[in-house]
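First comes the structure, then the notes that go with it.
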Amino acid sequence: MKLILFDAKKYDKDYFDKYSKEANVDIVYEEQKLTPETSHLADGYDAVCVFVNDIVNREVIDKLCEFGIKLIVLRCAGYNGVDIKYAKNKITVVRVPAYSPNSIAEISIGMILTLTRKINKAIEKTRNYNFSLEGLVGFDLFNRTVGIIGTGKIAQEFMKILSGIGMKILAYDVYPNYEIEKELGFKYVDLDTIYRESDVISLHCPLTSDNAHMINKDSISNMKNGVIILNTARGMLIDTKALIDAIKSGKIYGAALDVYENEKNYFFNDCSKTGVDDEILKELLSLDNVIVFSHQAYLTEEALTSIALISLNNIKKFLNNEFLNNEVFYDETQDKIVDFRK
Ligand code: NAI
């Protein structure tokens, strides 16, 4: 099996190379993302491996089919970058549904605490020998309410941590899981209640055709004053301009963002010399109560190991004609994308 792995970084190579030989997969690492413009690079391979910001639209799928490629290996959970409906009966799509939900859950609490306890500012001050506590007054999370949107694998791990802190947990999901609700001790409510009652709102749902910009001017106006927004899910879930306006007006206390709606041009790359050409991102980064990570929530040794092992195992199953439990496909009888989530 000859695989071309797009948007390759050193850490991808480090982890895939550990296991690819044993799996009998020859990997060529390509730094560029897969896009309509770079799709010609896939000619001559049996499969492509892509990540969160590669663009696998109709045009790319047609090209891949032209080259005789039969498999798209997503080395991530989210599949919003692939036109799954169009891929039906043309090319198989597999993903890594969970690689380390704990990685994202653990960093999430760090991101909230960075805002509530001004950890970034404290570190900066002491580095400059400024040991005064001026400007560092924070607030406790204990007894406050967190609203979780999407109660899948990551959210469940996160809720365990939040319970330990003593937060009251409200949650919303289009497919509520009442067993988990009982087990973890949270309460399902509607979105309006999440907005109205939460001190912290955390996004853990996929980006779908229905929920782009779900955090927008209107939903923000229904939120509690001084709410904190945490997004480790997908950038497009938030209308960033509306978020910025609300932070500037004081309606929103602050935001911790691991993802950004136009991240694909910058995230994962060192732009310190070239700068960025995105006024919204620049404004976001200039705000005091905003922390932005460049989609690093998953980046742990454990997650990178799982990503490599599960991706290679997906390939093995495909080659052996075994049942693909990690396949994502469009089911016309239900008119929806099926991903064996539950
Ligand atoms: P999951 O599939 O286990 O859970 C997602 C949950 O969201 C499901 O319970 C589903 O019913 C629910 N959902 C779907 N549409 C919804 C909607 N419109 N409103 C509310 N709930 C909805 O996924 P998992 O593993 O927990 O990941 C969640 C998201 O986190 C992924 O979709 C991905 O976008 C993002 N992610 C981010 C990473 C990062 O490094 N920042 C790494 C991995 C995932």
Side-chain angles (χ1 to χ4, degrees), residues 7 9 11-12 51-53 74-82 84 95-111 147-161 170-181 183-184 186 188-195 198 201-216 219 230-238 255-261 263-264 267-268 291-304 306-307 310-311 325-328 334 336-342:
D7 202 8
K9 302 286 184 249
Y11 43 81
D12 295 313
F51 196 50
V52 294
N53 289 320
L74 277 160
R75 57 181 192 282
C76 55
Y79 43 82
N80 51 285
V82 182
I84 300 288
R95 66 170 185 149
V96 182
Y99 26 95
S100 175
N102 310 70
S103 317
I104 297 102
E106 288 177 19
I107 205 169
S108 296
I109 195 64
M111 293 171 84
I148 302 284
I149 300 180
T151 56
K153 293 173 288 293
I154 293 170
Q156 288 168 30
E157 293 309 318
F158 189 36
M159 288 194 276
K160 289 178 199 164
I161 299 174
L170 302 178
Y172 168 76
D173 197 300
V174 279
Y175 303 109
N177 179 339
Y178 294 107
E179 263 171 51
I180 291 291
E181 179 188 42
E183 195 183 307
L184 298 184
F186 65 87
Y188 276 117
V189 294
D190 58 21
L191 262 185
D192 275 347
T193 310
I194 295 267
Y195 294 147
S198 303
I201 294 176
S202 192
L203 302 175
H204 298 285
C205 56
L207 173 67
T208 66
S209 47
D210 307 324
N211 64 6
H213 282 186
M214 64 182 292
I215 304 299
N216 56 35
S219 53
L230 173 70
N231 188 8
T232 59
R234 284 293 178 266
M236 268 300 277
L237 294 169
I238 298 183
L257 309 171
D258 188 49
V259 286
Y260 165 60
E261 57 182 316
E263 69 179 47
K264 67 174 181 300
F267 282 22
F268 305 106
I291 56 165
V292 177
F293 289 171
S294 39
H295 210 135
Q296 78 168 74
Y298 76 101
L299 200 69
T300 64
E301 291 173 11
E302 291 79 1
L304 289 167
S306 292
I307 287 171
I310 297 170
S311 300
N325 56 322
N326 292 331
E327 185 176 5
V328 190
Q334 303 180 64
K336 71 175 207 188
I337 293 168
V338 177
D339 62 15
F340 300 115
R341 179 172 23 85
K342 285 173 185 155

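Indexing begins at 1, ligand by ligand and atom by atom, following the structure's order. The figures that follow rest on heavy atoms only: side chains count, while hydrogens, waters and symmetry mates do not. Residue numbers start at 1 and run along the sequence shown.
Using a 4.0 Å cutoff on heavy atoms, G78 does not count as a contact of ligand 1. The closest approach between any non-hydrogen atom of A98 and ligand 1 is not below 4.0 Å. Ligand 1 has no atom lying under 4.0 Å from any heavy atom of D210.
Around atom 18 (N) of ligand 1, the closest heavy atom drawn from I148, L299, L237, N211 belongs to N211. Comparing Q296, M236, Q156, K153 by heavy-atom distance to atom 25 (O) of ligand 1, the nearest is K153. When the heavy atoms of P206, G152, P176 are ranked by distance to atom 7 (O) of ligand 1, first place goes to P206.
Annotation for A212 and L207: closest pair CA-CD1, 3.9 Å, computed over non-hydrogen atoms. D173 and Y188 get closest at one heavy-atom pair: CB-CE2, 3.8 Å.
Using a 4.0 Å cut-off to heavy atoms of I104, the atoms of ligand 1 that qualify are 42 (C), 43 (C). Proximity to T232 (heavy-atom distance under 4.0 Å) selects the following atoms of ligand 1: 35 (C), 36 (N), 37 (C), 38 (C), 39 (C), 41 (N). Close approach of ligand 1 to H295 is summarised as follows: ligand atoms under 4.0 Å from at least one heavy atom of the residue are 39 (C), 40 (O), 41 (N). Atom numbering of ligand 1 starts at 1 in the shown order; those under 4.0 Å from a heavy atom of Y99 are 42 (C), 43 (C). Of all atoms in ligand 1, numbered sequentially from 1 with element shown, those under 4.0 Å from a heavy atom of Y172 are 19 (N), 20 (C). Close approach to Y175 involves these atoms of ligand 1, each under 4.0 Å from a residue heavy atom: 11 (O).
When each of T208, I149, N216, N211 is checked for a side-chain contact (heavy atoms from CB on, under 4.5 Å) with L237, only N211 meets the rule.
Considering backbone and side-chain N/O of D173, one or more are found under 3.5 Å from N/O of ligand 1. Note: an N/O pair closer than 3.5 Å links D258 and ligand 1 by distance alone.
Between D339 and P97 there is no side-chain heavy-atom pair separated by less than 4.5 Å. Residues I238 and L203 form a side-chain contact, since some pair of their non-hydrogen atoms from C-beta on lies under 4.5 Å apart. The side-chain heavy atoms of I107 and D258, taken from C-beta on, include no pair separated by under 4.5 Å.
The closest donor-acceptor contact from the side chain of Q156 to the backbone of T151 lies under 3.5 Å. Checked by atom type and distance alone, the side chain of S306 never pairs as donor or acceptor with a backbone atom of S100 at under 3.5 Å. In this structure, the side chain of R95 engages the main chain of A77 through a donor-acceptor pair within 3.5 Å.
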